[in-house]
Amino acid sequence: MATYEYICPNCGLFEVHLAIGTAPASRHCSTCERDARRVFSPPNFSSTHPSLSAALDRDEQSRDAPEVVSSVPRRRRPRPPHPALARLPRP
């Protein structure tokens, strides 16, 4: 369900929850029954988790200007095994 906003000349702004893509351009106000026109507003992304927001920003930036790699990254040194592994029985 999506939230659509309408503005009534008498009552002001009100919201309606409808299935996506089914919102008409005008709707009757539930209070005064006058015609209210649909208002387009930006989506509410304020509740997006910061890490998700950062990932979406990086994804958008990489679409427009991807980073170009000029060489193969250096190989990481292997991590030393955990000391407790040396005490395990061997076959």
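Of all the heavy atoms in E15 and E5, the pair that sits closest is OE2-OE2, 3.8 Å. Minimum interatomic distance between D35 and P9 (heavy atoms only, all atoms of both residues): O-CD, 3.5 Å.
Going from atom SG of C8 over to atom CZ of R27 covers 12.5 Å, rounded to the nearest 0.5 Å. Note that OG1 of T3 and CD1 of I20 are 10.0 Å apart. Values are rounded to the nearest 0.5 Å. Going from atom CZ of F40 over to atom OH of Y4 covers 9.0 Å, rounded to the nearest 0.5 Å. Here H49 contributes atom NE2 and L56 contributes atom CG; the two are 12.5 Å apart, rounded to the nearest 0.5 Å. To the nearest 0.5 Å, atom CG of residue D57 and atom OG of residue S62 are 11.0 Å apart.
Counting only heavy atoms from C-beta outward, the side chains of P24 and Y6 approach each other to under 4.5 Å.
If you chain together hydrophobic residues whose side chains sit under 4.5 Å apart, V39 and L18 never meet in one group.
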